[in-house]
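Lettering of chains follows the sequences in order, A, B, ..., and the numbering in each one begins at 1. Just so you know, these numbers come straight off a predicted model, no measurement behind them.
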Protein chains: 2
Amino acid sequence: MTQNNRSLTLRDVSEASGVSEMTVSRVLRNRGDVSATTREKVLTAAKDLGYVPNKIAGALASQRVNLVAVIIPSLSNMVFPEVLAGVSQVLEDTELQPVVGVTDYLPEKEEKVLYEMLSWRPSGVIIAGLEHTEAARAMMNASGIPVVEIMDADGEAVDAMVGISHRRAGRVMAASILEAGYKKIAFLGTKMPLDHRARKRFEGFTETLAKSGIEVAEREFYSGGSALAKGREMTEAVLKRSPDIDFIYYSNDMIGAGGLLYLMEKGIDVPGQIGLAGFNGVELLQGLPRQLATMDACRREIGVKAAEIIASRVNGDDTDKSVTLTPKISFGDTLLRK
Amino acid sequence: MTQNNRSLTLRDVSEASGVSEMTVSRVLRNRGDVSATTREKVLTAAKDLGYVPNKIAGALASQRVNLVAVIIPSLSNMVFPEVLAGVSQVLEDTELQPVVGVTDYLPEKEEKVLYEMLSWRPSGVIIAGLEHTEAARAMMNASGIPVVEIMDADGEAVDAMVGISHRRAGRVMAASILEAGYKKIAFLGTKMPLDHRARKRFEGFTETLAKSGIEVAEREFYSGGSALAKGREMTEAVLKRSPDIDFIYYSNDMIGAGGLLYLMEKGIDVPGQIGLAGFNGVELLQGLPRQLATMDACRREIGVKAAEIIASRVNGDDTDKSVTLTPKISFGDTLLRK
DNA sequence: CTCTGAGATGTTCACGCTAGCATCACAAAC
DNA sequence: GTTTGTGATGCTAGCGTGAACATCTCAGAG
């Protein structure tokens, strides 16, 4: 309540309550034996003063920091917040706390964010992707703490890894599309040098098409802007160039939804004339007039599993080093089922 | 590169490079005079060892922590990430770093998150809303650091405040709707005990309607689930109950978009038969077949301004205590313009 | 009445770093 | 040669807390 400019310490509380700093520390951490009377006295004093413990000092003294660094490319698309939700849910039952860093898909920024985070000596790291700079990889190795790389399973992990195979996801979608009889297939997505997972999906996709002697008929990439609007624009552009396209595979649901809305507006028969599919399985799709075919990326599950691995490792338990989840394809109303 | 289990300290670097710890510290912080030769030697040693400074110890020693706590209700709707983007953009040019805490709209969780964050002794706090528990308010007061409450301007700030008046926003929207001649007006939104800003908009809205002798004809509230789908469902439910509704005011754009898609599907004339408006001005709307009327909540701008206030105050400069931004109404295609 | 032991409380020191001052080397000025 | 100043470097003393150990108190056993 009192407004001090000099910040409060254990000493202030100890003086106010007439016991030693150590006892105050014990009360505030519920550690060790303290009599009910003393506990009461200390808590009252702490509350009256408005004392908030200094975790900086605590962490230095105890050599323990209950933070888990979570490093992701972006917060503005729906995918990473959901991973985060999974992480938080699990960590809430432990004394660990997630701290988020955002890289904007830039390797150098990732390296910088990682450095910053490691300088706070967290108990673990959860980081999106398997592609990192040499230096970043070295830091994670040297840190001596559990590191879980998430979202992807196509590659080598520094330590542990939880994700799906995007190559496989691309292959499965391609197979379903071929099976449904589509032939002139377009791919629309983000500019991929930045987004390795989208790239891998694309690679898996073209690989399977190639086996049937089919090549992607059209492709278009975007970056920035409203994904829904971009989906619209790109779909229009592609159909203008190649009106005989009969399927469009979008690298995410948001642009897919834009495309879907555009085609419906134009009165085009989906999935009869043109089939569509996206990727991610975002909740948003449920509100669309027609269900977009998609593939669930197991986002929440990935967050949960990654957090569980960190939590166990912090407790000294041994755990899985590599968890590969299998995304489920959902045909929705925009991909003919054989 | 070397994998140590015992973590590295300045001493390790100092031994490896043959200078004192102090000099190493100076090199790594670019503080004070160090000869080019020594600097080179130290940097090489640090890099070889893979040394990452320990900010915990640094912060304790220097009594300075370059973190800014940003406390928001949610990451999963589009509004707060954009505020965050504004904050990050500004702080990127300073030595300050944002750290995000999420409250899920729960006052007790807000209090807990605030406590946790303050225990790391950040340089400032940016927190959404003006409504907090007694204890939270006390903590912010006692902290002695700059505190900026954001998003809202209807109320008393603990310290500084940046936001818009949601009451006014509600009033302005009501006035525009009345002016366009709509009479049977419905309101659809979130359950409001949790969301004070939505509540204030609703209050302003009904207040202005009341002045024209009009009452909200229907109302419906939701919580959880896909907002787009909820908008759809609620719109359907309301129109079933009162088919003569001629305007629906949604408490956010997402449910508004759901409603819009539903009405278009049903072939209802928007805005002729039924007008619609949302709130927030989210980017998503740009991809819809028709532009939803809305009001920009100045999200990014709020983040920018709040961060600027913190940055100045940290530098000891005096700044505005209260900044009220004025949202712009956008009529889109769903609200007749008089 | 003394002894024992467990619970309650206090003391000391280290955690890894930085502020503030002390010291040192060396070149320019006298 | 001596002085002086300045850049370069080192030393010491904390920062606020928690771990480990030391001490004290008091009830119950003998």
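Between B/R29 and C/dC17 there is no side-chain polar atom (N or O) within less than 4.0 angstrom of OP1 or OP2.
Among residues at least two apart or in separate chains, there is no salt bridge (Lys or Arg N to Asp or Glu O under 4.0 Å) pair with a member in residues 33-45 of chain B. Identified under the salt bridge (Lys or Arg N to Asp or Glu O under 4.0 Å) test for residues 18-31 of chain A, with sequence neighbours left out: A/R11-A/E21. Residue pairs meeting the salt bridge (Lys or Arg N to Asp or Glu O under 4.0 Å) criterion with at least one partner in residues 56-67 of chain A, sequence neighbours excluded, are absent. Residue pairs meeting the side chain to side chain donor-acceptor pair (under 3.5 Å) criterion with at least one partner in residues 304-314 of chain B, sequence neighbours excluded, are B/D159-B/R313. Residue pairs meeting the salt bridge (Lys or Arg N to Asp or Glu O under 4.0 Å) criterion with at least one partner in residues 111-128 of chain B, sequence neighbours excluded, are A/K55-B/E116.
Both B/S20 and A/K55 sit near DNA chain D, but only B/S20 has its closest nucleotide nearer the 5' end.
Of the residues in residues 115-123 of chain A, none lies under 4.0 Å from DNA chain C by heavy-atom distance.
Evaluation of the salt bridge (Lys or Arg N to Asp or Glu O under 4.0 Å) rule for A/E131 yields A/K200 as partners, not counting sequence neighbours. By the salt bridge (Lys or Arg N to Asp or Glu O under 4.0 Å) test, B/E82 is found to be paired with B/R299, residues two or more places apart in sequence or in another chain being considered.
Five base pairs at each end of the helix from C/dC1-D/dG30 to C/dC30-D/dG1 define two local axes, and these are offset by 50° (rounded to 10°).
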Pairs under 3.5 Å (N/O, protein and nucleotides 20-25 of chain D):
none

Close N or O pairs between protein and nucleotides 5-8 of chain D (under 3.5 Å):
none

Under 3.5 Å donor-acceptor pairs involving side-chain atoms of residues 96-105 of chain B, not counting sequence neighbours:
{"from": "B/T103", "atom 1": "OG1", "to": "B/Y105", "atom 2": "N", "distance (Å)": "3.2"}
{"from": "B/D104", "atom 1": "OD2", "to": "B/K109", "atom 2": "NZ", "distance (Å)": "2.9"}

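Two residues are said to be in side-chain contact when any heavy atoms from C-beta on lie closer than 4.5 Å; B/I127 and B/I150 fail this criterion.
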